[in-house]
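Quick notes on the structure that follows.
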Amino acid sequence: MAHTVESLMRPFAEAPAAGPRDPAGAGRVLPPVPDHPANGRFWWHGHAYVKEARHACCSG
């Protein structure tokens with residue numbers, strides 16, 4: 001089946017299905033995931049390494 005722009009965008013153009021909503025849960029932010037103890041063993045997880053390596057792949 002060949003897709004077109006219209007067929008790919010159709011689900012987003014239609015109104016959302018009616019159903020129960022949780023207004024109290026809208027916009028909730030989950031607490032941060034704790035740092036896993038095993039992360040300390042890997043040098044590429046270190047903050048200094050990530051900070052220094054950013055210039056290699058990320059402009060700005």
Side-chain angles (χ1 to χ4, degrees):
M1 172 182 181
H3 292 286
T4 64
V5 173
E6 290 78 19
S7 71
L8 293 172
M9 294 302 294
R10 190 173 304 121
F12 303 101
E14 296 171 358
R21 292 186 160 244
D22 180 14
R28 281 189 286 192
V29 176
L30 297 175
V33 175
D35 196 28
H36 193 276
N39 285 348
R41 293 191 310 234
F42 303 111
W43 53 268
W44 59 86
H45 286 197
H47 295 286
Y49 177 81
V50 173
K51 182 179 177 184
E52 293 298 320
R54 271 193 207 279
H55 73 282
C57 68
C58 311
S59 60

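- The hydrophobic cluster analysis finds Leu8 isolated: no Ile, Leu, Val, Met, Phe, Trp or Tyr side chain comes under 4.5 Å of it, directly or through other members.
- Every residue two or more places apart in sequence or in another chain that forms a ring pair (Phe, Tyr, Trp, His ring centres under 6.0 Å) with Phe42 is listed here: Trp44, His45.
- In this structure, Val33 stands alone, with no Ile, Leu, Val, Met, Phe, Trp or Tyr side-chain heavy atom under 4.5 Å from its own, directly or through other members.
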